[in-house]
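No hydrogens, no waters, no symmetry mates; every other heavy atom, side chains included, goes into these values. Per chain, numbering begins at 1; letters A, B, ... match sequence-line order.
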There are 2 protein chains.
Amino acid sequence: MSRPQRGTLRDVRKGNRSVVLWTLYFANELSRHDLARTTGLSAATVSNVIGDLIADGIVVETGSVDSDGGRPRIMLRVDPSYGYVVGVGVGETRVRVELYDLAMQERARKEFALDPSHHEPAVVARHILDGLEAVLSEAGVDESEVLGMGLGVPGVAEQGPDLLIHARAFGWDGVPLGALLREGTSIPVFADNGVKTTGQAELWFGAGKGAQHLVMTFIGTGAGASVINGGVTYRGTANGAGEWGHTKIVLDGRPCRCGSRGCLEAYIGAEAILAGAGRELKDDDEESVFAALLADPLARPAFEEAVRCLGAGLADLINLFNPERVILGGWAGSLLGREFLAEIRAAAAGYALPLPFSQASIELGRLGPEAVALGAATLVVEDFLLRSHAVRPAGRGEAPARAAGPARG
Amino acid sequence: MSRPQRGTLRDVRKGNRSVVLWTLYFANELSRHDLARTTGLSAATVSNVIGDLIADGIVVETGSVDSDGGRPRIMLRVDPSYGYVVGVGVGETRVRVELYDLAMQERARKEFALDPSHHEPAVVARHILDGLEAVLSEAGVDESEVLGMGLGVPGVAEQGPDLLIHARAFGWDGVPLGALLREGTSIPVFADNGVKTTGQAELWFGAGKGAQHLVMTFIGTGAGASVINGGVTYRGTANGAGEWGHTKIVLDGRPCRCGSRGCLEAYIGAEAILAGAGRELKDDDEESVFAALLADPLARPAFEEAVRCLGAGLADLINLFNPERVILGGWAGSLLGREFLAEIRAAAAGYALPLPFSQASIELGRLGPEAVALGAATLVVEDFLLRSHAVRPAGRGEAPARAAGPARG
DNA sequence: GGAAGTAATTTCAAATGTTAGTACAACTAC
DNA sequence: GTAGTTGTACTAACATTTGAAATTACTTCC
C-alpha cells in the first residue's frame, strides 16, 4: 500500500535527466527539439538538461545535420565510450564474461569452461574476476571506466548488500556472490536470474522491442520464464518469480528433478524430450543431439508430445499474465520454435482462453544464448540511465553490490 | 520501455498532496508532525498541503489530543463525509449496490436478484441505476456528493471511454457498460473484475493488509486469482490477467466449461467438488449443500482430492508469482480453507519449490462475498487519493467512464 | 548577393514549490 | 510562575520549470 512516490523537489531535475537520457538512449539519435516533443518537456528544460549531460560527458553532439528551411538540428547521442559495462553469463557448463560499451557494442569476450563437478562459489568468482581482468586488458579499458558488472545466474538473486544467490543446480543456497566479488574488484555488481536477464535483453534489443507486457520463456535442460509488466521485470517478493518449469501440468505425473511430480519441465525440458525419444545422454552434446533429432522422423512423436505440453504451459502463462507477446527462448525452446512454431501456437490456442489468447502473439526469440550476458549488462545500463550519477566515481568509490530489484524509489 | 515518469514541476505539489492524503487515509489519524515523519516531507510542506486539504474540506482537524510534556498535537483525518463512493458487485445471481462514505463505512445497501436467464446488459444496467438511486435516497446523499461508482464484474473490464466488459458467464462480449450507465447518471464509473476488486479489498482492509506482493485466490463455482505486486494489482495488457481457474493441471483431463480440458476449475470449482461427491444440483442452494457436505464423512474423498488439486494450483501461483502471502477467498475457497487449511498448506508445500514456498504464507481471506462491492468502491477511493481533484465537480462535470487500470501517468 | 522566411536553441523573467531555520503557541512539571 | 518540551506557522533562500522573446543558422526567393 505504498503507492505514491517521493516528494522532494530537486528530484524533479534528476527525474527529467533520466527521462531525457532514457529517451535519447533508446532513440539513438535525437535533436533537442525532438527530445522536447518526445518527452513532453519544454525546450528550455531539455536544453538545460542536455547542457548538464554534455558537461558531464555523457551526451555528445554528433554533427549538426538536416534542415528543412531553417536552422539545422544538432543531433545528440549518448557517448558510447562514456563508460563500459560488463555482462557475465554464468551457465551450468561455462562462465562467459563480456565487455560492452554503452551502445552495447561488444568490445571483448572471455569464456571459461565450468567443470560440472566444480561449482564452488570461489571457483565461479575466480572465473568472473579473471574474465573481468582479461576483457579489460584486451579492450584496453581501465577498471575506473566501468560503470558496473551484471551477472546472469542460474538461480535466484536476492537483493541486499551481499547479493545472495540461490542456485539449486550449483548447490548454492544463499551464496554471497556480491561479497565474494567485492574482494577482487571495486566495480558495482548487479545480478539477476539468467532467464530474467535474457528477458530484458529481448525486451531491449530483440523480439520484445516495443512491448509493454511480455513473457519470455526459456527452455533448455530446464524451463523458466521472465515476465515483463509495463516494461519492468516482474520479480515478486524475493525476486523469485517466474518458476514456470515447475508448474504442475500433469497432477502427480512424471517425477521431476525438483522432487515434485508432474512439472512442466519434466515434459518439455530437453532431457525429457530426449528421453521420450529414447536417448539418454550426457550433458555435453545434448544440444547437437537434440538438433539432429529434430530431423529424425522416428523422434516425431516425442516432439509432438512436447509441443502439446508446451502449448499447455504457454496457455497457463497467457491465462495468468495476459501478455501481449510470448517469446520462445532458450536453446531447446529456440530449436522447437524454429521447427514447430505453428504447431505450438495451435496447441496453445487449444488450451488458452480465447480472449487472452487473441491478445497475445507467440514469437521466436531473436537473441541467442549469449543474451544472458547481454541482458546482465543491461542491468548496469538501466541503473545508469535511471540514476545517472552526475559524475561517476573517478577514483575509488565504495562498490555497492546490489541485486537488480524492484527497489526503485 | 517507458519507465521514467513525467517531468513537470507543479506535479510535485500534486504528488505530495497525494502522498500526504494517502498516508493520512490509511493511518486514520495523524498529526502534521507525524505526517512529516512518515512521509519524509518537511514540516513546512506538510503544513502547506494540509492547509490546502483543509481548505478543500477533504481533511478535518479532530480535536487536539495527547501530549508528552509539550504542545498537544492536532489530530487530522480525512473527513469521512467529504464525499461518498458507490460499490457495485455484479454476480451471477445478484447485483448488489452499496454506498459508503470515505471511511468505507456502509451507509446504504440495495440488492437485486438476477434471473440467471436474463443477463442482458440493459437489465444489469437498469439494476445498477435503480440501486444507485435507492441507496442515495436511503442515505439522503445527493448525486453530486458521490465521487464515483466502482463496479466489480464477473469478467474482464477493458479500459477505455466505453468501459467494455467481457463476461463469458453473461454472454457479454465487449459490452459498453460504461456508456450504458452514462445514460442514467453522470457519476464517474470505474470497473474491474470482481476477483480483482475483492483482492484490493483484502489488500486494504483484510488479510492482505501491509503486504506488497500477494495473490488473492477466489474459488466459487469457478476459480480466479488477483495478483498484487508492489501494492498494485497486476493487470497485464488488457486487464485480463489472473485467469487461474483455467490453468491446466491435468493434461487433457476433465472437460471444463471453458471448452478446454484439465483446467484447475474442473477440479476445485464448487460444482466439480460436489459432482465428485455425487451431488449434481441447481445453482441456488449450492453453497448450503457444499457447507453441509463438509461435515459428511462420505464426502471426504472428494474434498481430499480437491485439496490436493488446490495445493497444486497454489503451488503454481507461488512458483510463478513468488508472493509473500496467498489468500484463500471466494465462498467455496473460504469454506475449504476453514476446514482444511493445514491440509491445503501441506499439499502446496509438496508441489511448490521450497524457496518460494518458504517465502509465502497461505491464509484465509477475512472478508466475505460482499467484498466484491467493497473492493469496487475502493477503486474510486484509490483514484480520489491519487489524484484528488482539488475541488470535485460541484455541479455537472462530464462523467469520465474509465476502467481501473494501469494508466497511471 | 541580399532580404525574407523558417526552424532550432538559448536566454530571461516570472511562477511555483520545497526547505531550513526561526518564531510562536500550548501544554507539563517542578 | 518559570523552565522545558513539543507541535505548528512563518519567512527568506534557493531550485527548477516554463512560456515568450531573442538569437542563431540555415534555405529560398527575387
Side-chain angles (χ1 to χ4, degrees), chain A residues 4-21 23-24 27 29-56 59-77 388 390, chain B residues 4-21 23-24 27 29-56 59-77 388 390:
Chain A
Q5 306 99 319
R6 75 269 172 83
T8 61
L9 109 142
R10 69 136 84 34
D11 298 284
V12 174
R13 181 55 167 276
K14 263 200 155 179
N16 285 343
R17 190 183 157 110
S18 277
V19 179
V20 169
L21 190 55
T23 308
L24 183 58
E29 249 199 2
L30 289 176
S31 71
R32 290 172 175 79
H33 198 232
D34 298 334
L35 277 169
R37 261 218 329 274
T38 315
T39 61
L41 291 167
S42 72
T45 301
V46 170
S47 244
N48 279 340
V49 170
I50 287 292
D52 283 6
L53 288 170
I54 288 179
D56 290 342
V59 166
V60 289
E61 303 190 335
T62 79
S64 72
V65 198
D66 196 9
S67 71
D68 203 32
R71 174 174 179 172
R73 354 176 186 289
I74 304 170
M75 300 311 276
L76 305 164
R77 75 179 337 156
S388 69
Chain B
Q5 304 98 322
R6 73 267 173 85
T8 62
L9 111 141
R10 72 135 85 32
D11 297 283
V12 174
R13 180 55 166 274
K14 264 201 155 178
N16 285 344
R17 190 183 157 108
S18 277
V19 179
V20 169
L21 190 55
T23 308
L24 183 58
E29 252 200 358
L30 288 176
S31 70
R32 291 171 174 79
H33 198 230
D34 298 333
L35 276 169
R37 261 219 328 273
T38 314
T39 60
L41 292 168
S42 72
T45 301
V46 171
S47 246
N48 278 342
V49 170
I50 288 293
D52 283 7
L53 288 169
I54 288 178
D56 290 342
V59 165
V60 289
E61 302 190 334
T62 81
S64 73
V65 198
D66 198 3
S67 71
D68 203 30
R71 176 176 177 171
R73 352 175 187 289
I74 303 172
M75 300 310 276
L76 304 165
R77 73 178 341 152
S388 70

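Side-chain contact between B:Leu21 and B:Val59: present, with at least one pair of heavy atoms (C-beta onward) separated by less than 4.5 Å.
Counting only heavy atoms from C-beta on, A:Ala44 has its side chain closest to C:dC12 among C:dT18, C:dA20, C:dC12. The side chain of A:Asn48 has D:dT18 as its nearest neighbour among D:dT16, D:dT18, C:dT19.
A:Ser31 pairs by the side chain to side chain donor-acceptor pair (under 3.5 Å) definition with A:Asp34, not counting sequence neighbours. Taking A:Thr62 as the reference, A:Glu29, A:Val60, A:Met75, A:Arg77 meet the side-chain contact (heavy atoms from CB on, under 4.5 Å) condition, with sequence neighbours excluded. The side chain to side chain donor-acceptor pair (under 3.5 Å) search around A:Thr38 returns none, not counting sequence neighbours. Annotation: side-chain contact (heavy atoms from CB on, under 4.5 Å) contacts of A:Ile74 (sequence neighbours excluded): A:Arg32, A:Glu61, A:Ser64.
Summarising the geometry, the separation between NZ on B:Lys14 and P on D:dT17 is reported as 19 Å, rounded to the nearest angstrom. Residue A:Arg13 contributes atom CZ, which lies 17 Å from atom P of D:dC14 at whole-angstrom precision. In this structure, B:Arg17 places its CZ atom 12 Å from P of C:dT18, rounding to the nearest Å.
Screening residues 40-54 of chain A for salt bridge (Lys or Arg N to Asp or Glu O under 4.0 Å) gives A:Arg13-A:Asp52 as the qualifying pairs, with residues at least two apart or on separate chains.
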Output one line per pair: protein atom, nucleotide atom from nucleotides 6-9 of chain C, and distance, for all N/O pairs under 3.5 Å.
from, atom 1, to, atom 2, distance (Å)
C:dT6, O4', A:Gly69, O, 3.2
C:dT6, O2, A:Gly69, O, 3.1
C:dA7, N3, A:Arg71, N, 3.3
C:dA8, OP1, A:Arg73, NH1, 2.4
C:dA8, OP2, A:His33, ND1, 3.1
C:dA8, O4', A:Arg71, O, 3.4
C:dA8, N3, A:Arg71, NH1, 3.4
C:dT9, OP1, A:Ile74, N, 2.9
C:dT9, OP1, A:Ile74, O, 3.3
C:dT9, OP2, A:Arg32, N, 3.4
C:dT9, OP2, A:His33, N, 2.6
C:dT9, O4', A:Arg71, NH1, 3.3

